[in-house]
Amino acid sequence: MPDTPYPLWSSIPEPQLLASRSRDHDVLLFPALPADSPLAPAHATVPLAAEGTVYSFTIIHPGAKTGLAPYALGYVDLPGPVRIFGRLQGKARPAIGDTYRARPDAQYGYVFHAVQGDAA
Amino acid sequence: MTQVYLSGGAMTAFGRHTGVLAPELAQQAILKAMDDAGVTPKDIQAVYCANVLGGMILGQVIVRDLGFAGIPVYNVENACASGATGVHLARHAMLAGQYETVLVFGIEQLTALGGGTIPLQRNDHKTELYAKAGMVLPAVYAMRGTRFLHERGAKPADLAAVAVKNRRNGALNEYAQQRSEVTLEEVLGSRMIADPLTLLQCCPSQVDGAAALVLSSKKPSGRPAVRVLASTVVSGLQEGARDDILDAEITARAARQAYEQAGLAPGDVDVVELHDAFTIAELLYYEALGLAKHGEAVSFLHSGATALGGRVPVNPSGGLLAKGHPLGATGVAQMVEILWQLQDRAGARQAKGARIGLTQCTGGGIAGVDHAASSVHILGV
């Protein structure tokens, strides 16, 4: 997992993405605020629901010189509510409304993976 | 009340200017703009230099040898809205009575970067996290495109038609980087970049260019006097969890303020230069600027209203898609184009009888907002 100055995942009972919830306005901020943020005292760190639905997406086609395969990116709407951008994996072509689940990822910190039924 | 006029304007051709340094590139536009305005260095009381990636005190470097008498030089950075922000700030100072005549120019040299998309500025944790996952501006616009096709029942060909129109205009513009007309099939068949956006639906990323304007509170003589009727710069609101990414809120807000300042309505506008960095953007901005009703962008495009010869030609210069998008220069170049359009100096791409013109550009580059900045100017004769 990448080392971040803010808490990205909870550990108990199973990993959940973390966000900061404003104590005054009930607004969720993702990622969570770092401890040294002057805004941190006005927020509580809260876990997010694991699954959400795709609001929109794109498939990036890297140039041939890169040798990279196409990959999907998208916005996932989680209960909370909060909208998070990230990699969409587990399905060649996502669709708006598909259900995806957040998973820890060593490179990006997290990815969204298509849940069974939506996975190809 | 003080009036602010565009008394002269000029730009370089947008394209590859390999080996040309910033002073030589920008000075081409500056000297032509001053000549166009009929002013000399002693007439200029302040200089505004718009640039994004050129480094510190670029303005002073560029004007060092031009004979200005130690006047203030302000370096302005607001991403792709830098040039428009420079004009906005210059107008503020003139309305405050600080200056009568100023020079505003924008310059960017992107070919030295070697191509590819412009990276996001990773100054905050959210942008760093999202950029690491792959967020770049083509992806942001592409996700708008996907949602647009989903919600509006539109087809990829509807997006591509914007590129056909603007590249047709660019073919008529000697200052445009890409001067070839393209067919719908060629646009759709070009390499996929960020689905649903193909290569010909993205503005060129390797481009250099400069543009300059002389602003004065003294009414120019000779040609029709082009006046700044409205000037707005606004910043993005923090994104909400369920925002509609198709509503271009920041631009709609900038436009509402501009129409109110000018005492005009969208139907009064005769010609528009807007920020078509990607084809989907032009469709969204038709609605944000009030040119088309909500949900009618595609039918508005296909009606021919925004083509040359239509009711309100949009991007007669070819727009960012054909003319190119040297970031800091873009906002100034849009106003140079409208200056020429309102003075019947636009040649083959002239919008007939235009008296009111509008420019709009956005500056992006951070996660968590629609765009960082948006600027709308309304000019009129």
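This is a predicted model, so every value here is computed, not measured. Below, chain A is the first sequence line, B the second, and so on; all start at residue 1.
- In this structure, chain B has heavy atoms under 4.5 Å from both the backbone and the side chain of A/F57.
- Distance NE2/B/H125 to CG/A/L8: 12.0 Å, rounded to 0.5 Å.
- Between B/M192 atom CE and A/T58 atom OG1 the span is 8.0 Å, to the nearest 0.5 Å.
- In terms of modelled atom types and a separation under 3.5 Å, the side chain of B/K126 and the main chain of A/F30 share a donor-acceptor contact.
- Interface remark: B/L197 contributes no atoms to any contact with chain A (heavy atom separation under 4.5 Å).
- Of all the heavy atoms in A/R83 and B/D243, the pair that sits closest is NH1-O, 2.8 Å.
- The heavy-atom pair separating A/S56 from B/R147 by the smallest distance is OG-N, 3.4 Å.
- Chain B forms the most heavy-atom pairs under 4.5 Å with one residue out of A/Y55, A/Y71, A/Y75, and that residue is A/Y55.
- Residue A/R93 comes nearest to B/D195 through the heavy atom pair NH1-OD2, 2.6 Å, listed as atom of the first residue, atom of the second, then distance.
- The contact between A/Y110 and chain B is made entirely by side chain atoms (from C-beta outward), counting heavy-atom distances below 4.5 Å.
- For the pair B/L129/A/Y108, no side-chain contact is recorded, criterion being any heavy-atom separation below 4.5 Å from C-beta on.
- Looking at every heavy atom in both residues, B/A194 comes nearest to A/I60 through CB-CD1, 3.7 Å.
- Contacts between A/I84 and chain B at a heavy-atom distance below 4.5 Å involve backbone atoms as well as side-chain atoms.
- Residue with the most contacts toward chain B among A/V111, A/V27, A/L33, A/L78: A/L78 (heavy-atom pairs, distance under 4.5 Å).
- Neither the backbone nor the side chain of B/E128 comes within contact range of chain A; no heavy atom of the residue lies under 4.5 Å from a heavy atom of that chain.
- For the pair B/Q238 and A/L29, the minimum side-chain heavy-atom distance is below 4.5 Å.
- B/D124 does not touch chain A: none of its heavy atoms, backbone or side chain, sits under 4.5 Å away.
- Between chain B and the residues A/P62, A/A72, A/A95, A/P34, the most heavy-atom pairs under 4.5 angstrom are made by A/P34.
- A 6.0 Å sphere centred on CZ of B/R122 holds more than 12 heavy atoms belonging to other residues, nucleotides or ligands.
- Taking all atoms of both residues into account, the shortest heavy-atom contact from A/L73 to B/A133 is CD2-O, 3.2 Å.
- Of all the heavy atoms in A/V82 and B/R242, the pair that sits closest is O-NH1, 3.6 Å.
- Side chain of A/R87 to backbone of B/G134: no donor-acceptor contact under 3.5 angstrom is found.
- Only the backbone of A/P79 has a heavy atom closer than 4.5 Å to any heavy atom of chain B.
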